[in-house]
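Whatever order the structure lists ligands and atoms in, that order sets their numbers, starting from 1. Since we're looking at a predicted model, the values are computed, not measured. Basis for what follows: all heavy atoms, side chains included, without hydrogens, waters or symmetry-related copies.
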Amino acid sequence: MKKDLISIKHLSLKEIADIFALTDSLKKNPGKYSHGLEGKTLALIFEKPSNRTYVSFNVGIFQLGGNSIYLGPDHIKLGVRESIKDVAKTLSRYVNGIVLRTFAHKNVLDMAKYAAVPVINGLSDFSHPCQALADIYTMKEKFNKVKGRTLAFIGDGNNVCNSLVFICSKLGINIKIATPKGYEPDLQVISESKKIARANGSEVLMFNKPQKAALAADVLYTDVWASMGQEKEALKRKKAFAEFQINERILKSADKNCLVMHCLPAHRGEEITDEVIDSDNSVIFDEAENRMHVEKAILLKLMGENK
Ligand code: CP
Ligand code: NVA
């Protein structure tokens with residue numbers, strides 16, 4: 001049966017470990033996999049802008065011997081020119097996999113339901129699983145062991161935050177989330193993840209003061225205050241999030257060897273300062289690089305012969 005990557009929620013511990021092990025191997029010996037997806041084509045359906053997700057999947061499939069087709073907002077006009085069901089059924093006759101970046105998470109679920117080929121969530125309003133996998137892979141590269149570490153997410157309880165909550169709780173990483181009131185992550189994600197975390201000896205904690213979340217943290221993570229699709233709220237959010245910036249003061253509250261992470265794109269001077277992005281603690285561009293390595297592992301797992 002075909003497999004999709006829709007949300008971290010559906011990944012088992014073994015599946016996460018297998019993706020990370022294959023990523024290690026891909027990084028050490030990329031040549032070994034250069035024919036891994038020969039003759040295969042990946043459709044990249046993007047209803048929102050992208051740098052990392054688009055480029056990393058594009059280059060990634062090319063490095064595995066495959067090919068990609070970009071379908072931007074004006075190409076297929078999902079749900080407008082044609083239903084998702086009909087797009088899914090048609091593309092399944094041409095391509096071997098689909099990456100979808102969209103607004104409503106239901107679009108990803110529908111694409112996966114009707115496509116006969118694997119569907120990968122390249123970001124929805126609800127989650128960004130490829131990002132969270134690359135982030136925790138980066139954390140593992142730097143710390144070796146991630147269980148028992150503490151990640152502080154400071155900012156908006158958005159798609160990236162939801163995926164981090166899922167993956168941290170599965171891997172026994174404590175996650176402390178600081179948001180202004182009213183901008184918490186999905187409460188269902190929090191309640192489900194609290195149970196999973198407890199079983200794995202870790203905690204999911206929520207705060208309204210960034211200093212509290214940052215205290216002694218091993219990782220400081222942030223993301224933009226207004227995500228794609230929320231541009232009209234940008235001004236209102238700028239005011240609500242003014243205290244939630246990762247700056248030198250917050251960095252001092254965290255462990256001195258902490259890693260600073262951001263999924264990018266960053267709004268330098270808003271959610272994070274130049275000094276912190278460019279500091280020795282920052283591993284932000286390692287995360288961006290690892291997007292590609294982790295996604296190559298995901299592509300091989302979902303589209304390769306030895307799934
Ligand atoms: N982090 C991330 O997904 O970046 P893009 O929006 O540029 O793809
Ligand atoms: N939360 C951001 C992440 C971008 C990678 C957004 O959805 O725009």
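Classification of the His75-Tyr70 ring pair by plane angle, with boundaries at 30° and 60°, yields perpendicular.
Of the charged side-chain nitrogens involved, at least one lies within less than 4.0 Å of a carboxylate oxygen, so that Glu305 and Lys40 count as a salt-bridged pair. The existence of a salt bridge linking Lys142 and Glu287 is excluded, since no basic side-chain nitrogen approaches an acidic carboxylate oxygen closer than 4.0 Å. Salt bridge annotation for Arg101-Glu47: absent, with no cationic side-chain nitrogen under 4.0 angstrom from a carboxylate oxygen. Under 4.0 Å is where a charged nitrogen must lie from a carboxylate oxygen, and between Glu192 and Lys9 at least one such pair does.
Close contacts between ligand 2 and Asn158 involve ligand atoms 1 (N) [criterion: under 4.0 Å to a heavy atom]. Ligand 2 places these atoms under 4.0 Å from at least one heavy atom of Leu264: 5 (C).
Nearest protein neighbour of atom 8 (O) of ligand 2, counting heavy atoms only, is Met228 N, 2.8 Å. Remark: minimum distance from atom 3 (C) of ligand 2 to any protein heavy atom is reached at Asp223 OD2, 3.5 Å.
Taking any N or O of Asn159, backbone or side chain, at least one lies under 3.5 Å from an N or O belonging to ligand 2. For ligand 2, the polar-atom distance check against Pro265 finds no nitrogen or oxygen pair separated by under 3.5 Å. Ligand 2 has no nitrogen or oxygen under 3.5 angstrom from a nitrogen or oxygen of Lys48. For a threshold of 3.5 Å applied to N or O pairs, the pair formed by Ser227 and ligand 2 contains at least one separation below that value.
Residue contacts with ligand 2, taken as heavy atom pairs separated by less than 4.0 Å, do not involve Asp125 at all. With a heavy-atom cut-off of 4.0 Å, Leu123 touches ligand 2 through its side chain alone.
A donor-acceptor contact under 3.5 angstrom links the side chains of Asp24 and Tyr137, judged on distance only. If you check the side chains of Thr138 and Asn290, you find a donor sitting under 3.5 Å from an acceptor. Counting only N and O atoms by type, the side chains of Gln211 and Ser253 include no donor and acceptor under 3.5 Å apart.
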Donor-acceptor list for residues 160-169 side chains, cut-off 3.5 Å, not counting sequence neighbours:
from: Asn162; atom 1: OD1; to: Asp186; atom 2: N; distance (Å): 3.1
from: Asn162; atom 1: ND2; to: Phe126; atom 2: O; distance (Å): 2.9
from: Ser163; atom 1: OG; to: His128; atom 2: N; distance (Å): 2.9
from: Ser163; atom 1: OG; to: Asn159; atom 2: O; distance (Å): 3.4
from: Ser169; atom 1: OG; to: Val165; atom 2: O; distance (Å): 2.9
from: Ser169; atom 1: OG; to: Phe166; atom 2: O; distance (Å): 3.0

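Side-chain contact between Val276 and Asn281 is absent, with no heavy-atom pair separated by less than 4.5 Å. Here the side chains of Met139 and Asp135 are not in contact, with every heavy-atom distance at 4.5 Å or above.
Among protein residues, Ser50, Asn51, Arg52, Thr53, Arg101, His128, Gln131, Cys263, Leu264, Arg291 come within 4.0 Å of ligand 1, judged on heavy atoms.
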